[in-house]
Number of protein chains: 2
Amino acid sequence: MTFALTSSPPLGQSLYGTLADALRQRILDGEWQPGQMIPSEASLAQRYGVALGTLRQALSLLVQDGVLRRQHGKGTFVSRGLDYASMMRFFRFQSQGGLPVTPESRILQRRLRHPSAQEAKAFQIDLDGQLLQLERLRSIEGQPCLLETIALPLPLFGALADSNTEDWDDLLYPMYQRRCGILVHHARDELKFSQLNAKQASRLQLQTGHPCVLVEREAFDVAGRCVERRTTRGDAFSFTYTAHIK
Amino acid sequence: MTFALTSSPPLGQSLYGTLADALRQRILDGEWQPGQMIPSEASLAQRYGVALGTLRQALSLLVQDGVLRRQHGKGTFVSRGLDYASMMRFFRFQSQGGLPVTPESRILQRRLRHPSAQEAKAFQIDLDGQLLQLERLRSIEGQPCLLETIALPLPLFGALADSNTEDWDDLLYPMYQRRCGILVHHARDELKFSQLNAKQASRLQLQTGHPCVLVEREAFDVAGRCVERRTTRGDAFSFTYTAHIK
DNA sequence: CAGTGGTCTAGACCACCGC
DNA sequence: CGGTGGTCTAGACCACTGG
């Protein structure tokens with residue numbers, strides 16, 4: 001059986017571009033799950049009736065996109081999404097010993113509310129729809145370091161609305177995938193400097209007005225839908241960031 | 001005439017990788033100047049005695065590297081190096097009208113000194129060698145916004161040691177290329193949060209202790225040599241940065 | 001060893017640019 | 001129109017992985 005591409009004339013799009021879209025759709029549809037191996041290049045080329053080189057060009061697009069990973073001799077795999085390192089690159093926290101660690105996580109508050117106009121637009125939900133708002137404190141060896149406010153659209157994250165927050169993982173993104181089937185594929189972070197208000201300062205055990213870094217993040221799934229909005233505050237003096245410019 | 005690759009067995013390196021290195025060397029040697037068009041793919045493939053596809057793979061490496069730019073229907077060109085936008089991405093300055101502008105530049109000080117141990121290592125010069133140190137203030141519509149300390153190794157930048165700083169351009173990197181033949185190809189920026197000391201504050205017309213962003217940059221040429229070290233300070237509250245995470 | 005992705009070839013044709 | 005890079009083909013062989 002062959003999967004002839006329905007749009008025979010690539011309409012301003014190259015064949016390998018069209019092919020890449022078709023393959024991306026099969027991942028979006030859940031036909032190939034994160035971490036799973038997709039069929040071999042040779043078999044896909046045959047099924048789609050294209051040359052091997054053309055199929056490889058299509059795969060290369062998806063690899064560059066971060067949707068697929070190639071492993072020489074093993075196969076081509078669907079990406080598992082953002083990892084911890086790429087999520088936490090703005091703050092340099094380490095234990096007493098000097099090794100980088102994953103901060104522990106405690107949910108301070110969970111409530112339902114209606115979205116703001118901006119949130120409704122980002123999440124593509126109605127103004128009278130609902131979202132889940134979390135306040136979360138991250139600590140290292142008992143020392144608070146990051147304060148987060150997280151907004152998640154309902155009903156997408158309904159599975160998190162009832163479960164006991166005590167049982168939640170320290171890392172949310174893997175949990176989103178396990179409990180809600182949502183894979184965070186990419187994100188956009190915007191950084192600014194600010195100062196802590198009284199409430200924020202007390203939670204971070206710092207002085208009111210203490211300089212802080214403010215990271216505003218929008219996280220997206222493979223289809224490009226915004227699935228999370230998050231504001232993170234942390235001590236400005238423990239902030240560091242390295243950028244490579246080309 | 002053909003340019004047979006001297007190292008016939010690619011020794012753990014693919015043919016197109018070896019080819020890319022050979023082509024990169026011809027650019028490093030100045031055989032092809034920044035902005036200039038290199039020979040066509042077909043002619044290069046013939047000269048090196050490889051298939052067109054293989055040569056294209058080599059060029060793709062250099063394009064990804066930022067050394068070459070392809071232009072469909074026109075040719076393949078040697079890159080002109082970093083542009084203004086990529087150099088100034090951390091601060092969002094705009095004129096009263098709201099349009100982004102290039103800050104004016106004024107050299108406050110220029111002097112010769114010996115390098116620190118760190119500088120000597122970065123620039124690969126001796127501890128009793130010399131470097132040029134600049135202090136530079138950048139302003140928008142007369143309002144100071146960035147204070148920079150710049151270190152340049154001698155004798156590489158000898159042409160700048162004597163010339164009148166009044167005649168210098170607002171953008172240094174194009175000037176490095178024109179006056180010293182040095183092309184800034186990539187850079188690494190490290191950001192931290194800090195506070196202004198008295199001298200810095202007075203130059204930026206802010207209060208002593210005012211929060212500032214500190215950007216420490218090392219800039220490199222195509223060969224990977226460090227050619228500039230620069231420290232930039234600016235008002236933390238006019239700082240903003242957007243990062244895309246994948 | 002069989003199966004996977006990676007490299008390389010030789011050649012045809014298309015799409016864009018500028019004269 | 002001629003010259004450039006971009007796409008696509010069909011097939012051979014190499015290099016890595018794991019049983």
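Chain identifiers are assigned alphabetically (A, B, ...) following the order of the sequence lines, protein sequences preceding nucleic acid strands; residue numbering begins at 1 within each chain.
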- Query: Between A:T54 and D:dT9, does any side-chain N or O lie under 4.0 Å from OP1 or OP2?
  - Reply: yes
- Note on the structure: B:Y16 atom OH is separated from D:dA15 atom C1', nearest whole Å, by 13 Å
- Query: Rounded to whole angstrom units, what separation is found between the CE atom of A:M37 and the C1' atom of D:dC16?
  - Reply: 13 Å
- Distance, rounded to the nearest Å, where B:Q57 contributes CD and D:dC8 contributes P: 16 Å
- Item | Whole-Å gap separating P (C:dG6) and CZ (A:R69) | 13 Å
- Query: Is the CZ atom of B:R179 crowded by more than 12 outside heavy atoms at less than 6.0 Å?
  - Reply: yes
- Task: Measure the distance from CD1 on A:I38 to C1' on C:dT4 and round it to the nearest whole Å.
- Result: 12 Å
- Please tell me which of the listed nucleotides, D:dT9, D:dT7, C:dT9, lies nearest to the side chain of A:A51? D:dT9
- Does A:R70 make a side-chain N or O approach to OP1 or OP2 of C:dG6 shorter than 4.0 Å? yes
- Query: Does any non-hydrogen side-chain atom of B:R229 lie less than 4.5 Å from one of B:R217?
  - Reply: no
- In whole angstrom, what separates A:L55's CG from D:dA10's C1'? 14 Å
- Please name the pair of heavy atoms, one in A:D170 and one in A:R136, separated by the smallest distance, quoted to 0.1 Å. O-NH2, 2.5 Å
- Could you give the CG-to-P distance, from B:L44 to D:dG3, as a whole number of Å? 16 Å
- With respect to the side chain of B:V50, which nucleotide from C:dT4, D:dG5, C:dT9 is positioned closest? C:dT9
- Message: Ignoring hydrogens, what is the shortest heavy-atom contact between B:L152 and B:Y176? Give both atom names and the distance.
- Response: CD2-OH, 3.5 Å
- Item | Those residues that, when tested against A:T54, pass side chain to side chain donor-acceptor pair (under 3.5 Å) (two or more places apart) | none
- What pair of heavy atoms forms the shortest contact from B:F77 to B:G35, and how long is it? CD2-O, 3.6 Å
- How do B:Q71 and A:G53 order along DNA chain D: which one's closest nucleotide is nearer the 5' end? B:Q71
- Task: At under 4.0 Å between heavy atoms, which parts of nucleotides 13-19 of chain C does protein reach? Answer with one letter per nucleotide, 5' to 3': B base, S sugar-phosphate only, - none.
- Result: --BBSS-
- Closest of C:dG5, D:dG5, D:dT9 to the A:T76 side chain is C:dG5
- Task: Would you indicate which nucleotide in C:dG6, C:dT7, D:dT7 comes nearest to any side-chain atom of A:S14?
- Result: D:dT7
- Message: More than 12 heavy atoms of other residues, nucleotides or ligands under 6.0 Å from CD of A:Q64: yes or no?
- Response: no
- Query: Under 4.0 Å between a side-chain N or O of A:R56 and OP1 or OP2 of C:dG6?
  - Reply: yes
- Query: So does A:R24 have more than 12 non-hydrogen atoms from other groups sitting under 6.0 Å from CZ?
  - Reply: yes
- Terminal axes of the helix from C:dC1-D:dG18 to C:dG18-D:dC1 (5 end pairs apiece), angle rounded to 10 degrees, sit apart by 20°
- Query: Is the shortest side-chain N to carboxylate O distance from A:E41 to A:R70 below 4.0 Å?
  - Reply: yes
- Message: Quick check for you: to the nearest 0.5 Å, what is the distance between A:E218 atom CD and A:R188 atom CZ?
- Response: 4.5 Å
- Atom pair distance, as rounded to whole Å: CG in B:L61 and P in C:dC8: 11 Å
